[in-house]
Structures are given as C-alpha cells and as structure tokens.
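Remarks on the structure that follows.
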Amino acid sequence: MKGLPLFFLAFRYVLSRRRHRGFGSVMLSLLGLAAGVLTLNAVLSVMNGFQMTYIDSLVEVSSSHLRWLPVADEPDSIEVSTLLSRVPGVVSVLEESESQTLVQSDAGRQRGALVRGLPSDALQKDPGLRTHLKWQEGGLPQRGEVALGSALAASLGAFPGSSVKLTSLSGPSFSLLEPRVLEYRVVGVFGTGYYDLDANWVIANLSDAKVDLAGATDRYFAVKLNHPEDASWMLASLARASGRPEAEFRTWEDFNRAFFQALRTEKSAMMLLVGLMFLVVGVNIAFSQKRAVLEHRDDLALLVATGTTAARLRWVFALEGLIVGLAAALLGTFAGWGVSLGVSSLGLFSSEAFYIPEVPARMIAGEVVGIALACLASATLAAWWASGQVLKVQPGEVLKNA
C-alpha cells in the first residue's frame with residue numbers, strides 16, 4: 001500500500017466517523033485546535049502591536065540604531081561622522097545630546113526632564129525620526145526655542161507661545177557645579193506613542209544644548225541603518241571605517257536590553273499558557289484514535305492478512321490526525337487573522353483612560369507559521385501515539401470471530 005492510497009484511506013476514515021459516535025469527538029478536537037490557533041494568533045498580534053509600537057518609538061526616537069560615543073576631547077568628531085555616513089547600509093548620522101534639567105512653566109509648575117538636543121535638519125536627514133516623532137503643534141525648535149512632549153506639556157500647563165525655564169548645571173568640576181536658569185519659548189508639542197518619552201522629554205536646538213544645557217560627555221552621534229536588526233555586526237564595520245575602537249559604539253539592544261528581555265519573557269509565558277490548549281486537545285485526539293482503531297478492527301485485520309504491515313497502517317491514523325490538524329490550522333489562522341484585523345475597531349480601550357489612541361495589531365509571518373506547525377504536530381503526534389493499538393491487532397483471531 002503506497003503513500004497515496006494510505007492518504008485516501010485516512011481521509012475515508014475521517015468521513016466514516018459520521019456514522020459513528022466518534023465523529024463528534026473529531027469535530028471537538030478540530031474546533032479545540034482551531035480555537036487554540038485563533039487565540040494564540042489574536043493574542044500575539046495584539047501583543048506584537050503594543051510591543052512593536054514601543055520598540056519603534058524607543059529605537060527610532062530615543063536610542064537610535066547605533067550610537068558613537070566620542071571621548072570628551074575628540075578633536076575630529078565631525079570628520080569621523082562623515083566617514084560613518086559613507087559606510088554602506090547607513091541612512092543617517094546626526095550629532096545629538098542628552099542631559100538632565102528641571103523645567104518650570106509660567107504657571108509655576110515644575111518637573112525633572114531630559115533635554116534632547118537635535119539639529120535643525122534632523123527630520124530631513126532621519127526618516128525614522130520624522131515618521132515616529134508626531135507633531136501635535138509646531139515643529140523642531142530653532143535657537144532660543146524648545147518643544148515639549150505632549151504629556152509633559154499637559155502636566156506643566158505649557159503650550160506653544162508660552163515660555164519655560166530650564167535649569168542647567170555648569171562648572172569646571174562636579175564639586176563646583178553652579179545652577180543656571182535659562183528661559184526658552186515653547187514652539188511645539190510632540191508625541192511618540194510611548195508615555196515615558198512624552199512625559200519626560202524636552203527637545204532643544206542642538207546649538208543651544210551644546211552651549212547652555214549639555215556637557216562634553218552628553219553629546220553623541222546617532223546612526224540610523226537600513227536594517228536595524230543588523231546593528232550588532234554593523235558595529236564592527238563602522239569601527240573599521242572610522243578608525244575608532246568598537247568600545248565607543250553602542251547598539252539599540254545595549255540601551256534597551258532589560259526592557260526587551262521583559263517583553264520577550266512576557267510573550268514566551270503567554271505562548272506557553274495558551275499553547276497548553278494544544279496538549280489538552282492532543283490527549284482528546286489520542287483517545288479518539290484509539291476508539292477508531294477498535295471501530296475499524298475488521299478492516300485492519302483484513303489489510304494485515306493481505307500483506308500490509310501494521311507499521312504502515314499506523315500511518316493511516318497518523319495521516320488522519322494530520323488532516324484534522326491541517327483543517328484546524330487553516331480555520332484557526334484565518335479566523336485569527338480576521339479577529340486581528342477587527343480588534344482595533346472594538347473600542348476595548350478608551351484613549352481618555354489609556355495612553356493609546358487605538359489597539360494595534362501586527363501578525364508576524366514566522367509566528368503564524370510556527371503556531372500552525374504546532375497545531376499540526378499536536379494532532380499528528382497524538383494520532384501516531386494512539387495508533388500503536390494497530391500493532392495489537394491479530395488477523396487470525398479477528399477473522400475467526402468475524
């Protein structure tokens with residue numbers, strides 16, 4: 001008995017369940033597996049949507065793909081940045097700065113914040129920053145101006161046209177630092193979709209930041225790549241091209257390692273918990289297949305008597321499990337895709353109560369394929385294990401009692 005007849009025999013056994021009580025068990029198994037596939041796809045798509053929104057905001061707006069951290073007295077940093085921009089795969093190289101400050105509004109409210117110094121042409125040179133830095137009002141500041149994160153502006157009661165005071169510390173050494181209070185006009189309000197950035201960021205013009213707000217160790221060069229996932233191996237290429245040691249470069253993974261590991265752990269735990277549904281349904285399939293062996297005992301005995309080995313007959317029931325798993329995988333995948341498309345329109349979250357305008361959903365092809373394969377493996381392996389009952393069929397005894 002070759003492979004094709006084995007498949008048709010398995011398919012006939014699935015259809016023949018309609019005349020037996022076992023058909024209901026097969027349908028329950030199929031629907032249970034489909035529900036598991038649907039749930040995993042829907043949950044992971046929403047989780048991916050939230051996570052990728054945060055990751056995009058952090059990588060494109062905050063940490064960048066790579067950073068070159070020059071030493072404080074680096075005399076030729078502009079020349080080095082030019083060399084970096086010529087490396088294949090590099091999109092942009094921008095000089096930036098980060099420093100701490102205390103910001104106070106005209107209303108007398110004050111908060112600690114991080115001042116991000118950006119050049120005036122940052123949005124033109126960095127398409128990722130332009131995409132993810134969404135302006136509610138105004139735009140990038142010029143000299144004497146600043147822009148505030150939307151949550152920070154709301155907490156301070158500041159708005160475009162008003163002024164804020166930034167406190168900076170300057171001095172020849174840490175023990176001789178002196179506070180300076182500088183006044184700037186608010187020219188814009190921005191949002192990134194990530195609350196920590198929107199609640200704690202002030203964007204200033206890089207020229208102001210370098211002179212009044214940031215020290216020599218607060219400046220760096222932000223490098224954006226065509227493929228952010230290549231940052232780790234691009235680091236060595238950038239170091240060779242610029243003649244700088246690799247220790248002066250940091251990737252986005254270095255800056256956000258703890259956060260990304262927490263997200264990865266959360267996703268793994270969710271997949272494990274929901275994936276237990278496959279185990280439960282697999283047990284049901286195993287008992288269903290054992291019943292099927294008993295139902296077709298006469299047929300199996302006749303096939304064994306005519307020369308078909310019991311080992312090959314096991315493949316009939318394994319293929320039956322594969323058919324059930326394949327049907328469940330297809331049904332669950334398409335249903336999960338439909339749920340993922342419609343989840344943002346369900347209104348589960350209010351933008352007034354949660355810091356999200358909508359529920360994002362992103363299905364990753366690799367995860368969808370992995371879930372479908374897990375469904376197939378659960379059904380097929382359970383059926384294969386249960387089909388061991390075929391080895392116990394004795395043709396002579398069955399035919400004698402027939």
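Residues take their numbers from the sequence shown, with the count starting at 1.
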(message) Evaluate Leu129 against Leu123 for side-chain contact (heavy atoms from CB on, under 4.5 Å), listing each step before the verdict.
(response) CA-CA 6 Å; Leu129 182 65; Leu123 298 183; 4.0 Å; yes
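- Looking only at distances, no side-chain donor or acceptor of Arg111 sits under 3.5 Å from a matching main-chain atom of Leu156.
- For Trp337, the CH2 atom sits in a loose shell: 12 or fewer heavy atoms of surrounding residues, nucleotides or ligands are nearer than 6.0 Å.
- Residues Ser120 and Leu140 form no side-chain contact, since every pair of their non-hydrogen atoms from C-beta on lies 4.5 Å or further apart.
- Judged by distance alone, the side chain of Ser155 and the main-chain N or O of Leu152 form a donor-acceptor pair under 3.5 Å.
- Legend: residues meeting salt bridge (Lys or Arg N to Asp or Glu O under 4.0 Å) with Asp196, ordered by chain and number and at least two apart, are absent.
- Checking side-chain atoms of Ser378 against main-chain N and O of Ala374 turns up no donor-acceptor pair under 3.5 Å.
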(message) Quick one, Leu238 with Trp68, criterion side-chain contact (heavy atoms from CB on, under 4.5 Å). Give me CA distance, side-chain angles, the key distance, then yes/no.
(response) CA-CA 9 Å; Leu238 293 172; Trp68 173 49; over 6 Å; no
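- The backbone N or O of Gln142 sits less than 3.5 Å from a side-chain atom of Glu145, completing a donor-acceptor pair.
- Within the 3.5 Å criterion, the main-chain N or O of Val61 finds a donor-acceptor partner in the side chain of Arg116.
- In this structure, Ser64 and Trp252 approach most closely via the heavy-atom pair O-CB, 3.2 Å.
- Here Arg180 contributes atom CZ and Thr101 contributes atom OG1; the two are 11.5 Å apart, rounded to the nearest 0.5 Å.
- Residues Leu94 and Leu118 form no side-chain contact, since every pair of their non-hydrogen atoms from C-beta on lies 4.5 Å or further apart.
- Heavy-atom minimum distance, Cys375 versus Ala329: SG-N, 3.8 Å.
- Side-chain polar atoms of Thr192 and Asp198 form a donor-acceptor pair below 3.5 angstrom.
- Listed for the Ser85 side chain is no donor-acceptor partner under 3.5 Å among the backbone atoms of Val93.
- For the atom pair Thr167 OG1 and Leu213 CG, the distance stands at 10.0 Å (nearest 0.5 Å).
- Atoms NZ and CG, on Lys210 and Asn205 in that order, are 10.5 Å from each other to the nearest 0.5 Å.
- Ser45 places a side-chain N or O within donor-acceptor distance of the main-chain N or O of Ala42, the cut-off being under 3.5 Å.
- Residues Arg185 and Gly161 come closest through the heavy atom pair CG-O, 4.3 Å.
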(request) Check the pair Val59, His65 against side-chain contact (heavy atoms from CB on, under 4.5 Å), reporting the backbone distance first and the verdict last. (result) CA-CA 6 Å; Val59 172; His65 302 159; 3.2 Å; yes
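- Side-chain atoms of Ser162 never come within 3.5 Å of backbone atoms of Ala158 as a donor-acceptor pair (strictly under, hydrogens ignored).
- Put simply, the side chain of Ser105 never gets that close to the backbone of Gly157: no donor and acceptor are under 3.5 Å apart.
- Listed here is the closest heavy atom pair of Ser163 and Glu183: OG-OE2, 3.2 Å.
- In terms of heavy atoms, Arg67 sits closest to Ser63 at NE-O, 3.2 Å.
- Arg250 places a side-chain N or O within donor-acceptor distance of the main-chain N or O of Ala247, the cut-off being under 3.5 Å.
- Side-chain contact between Val90 and Met234 is present, with at least one heavy-atom pair separated by less than 4.5 Å.
- With sequence neighbours excluded, no residue forms a ring-ring contact (aromatic ring centres under 6.0 Å, His included) with Trp201.
- A side-chain N or O of Ser232 and one of Glu253 form a donor-acceptor pair less than 3.5 Å apart.
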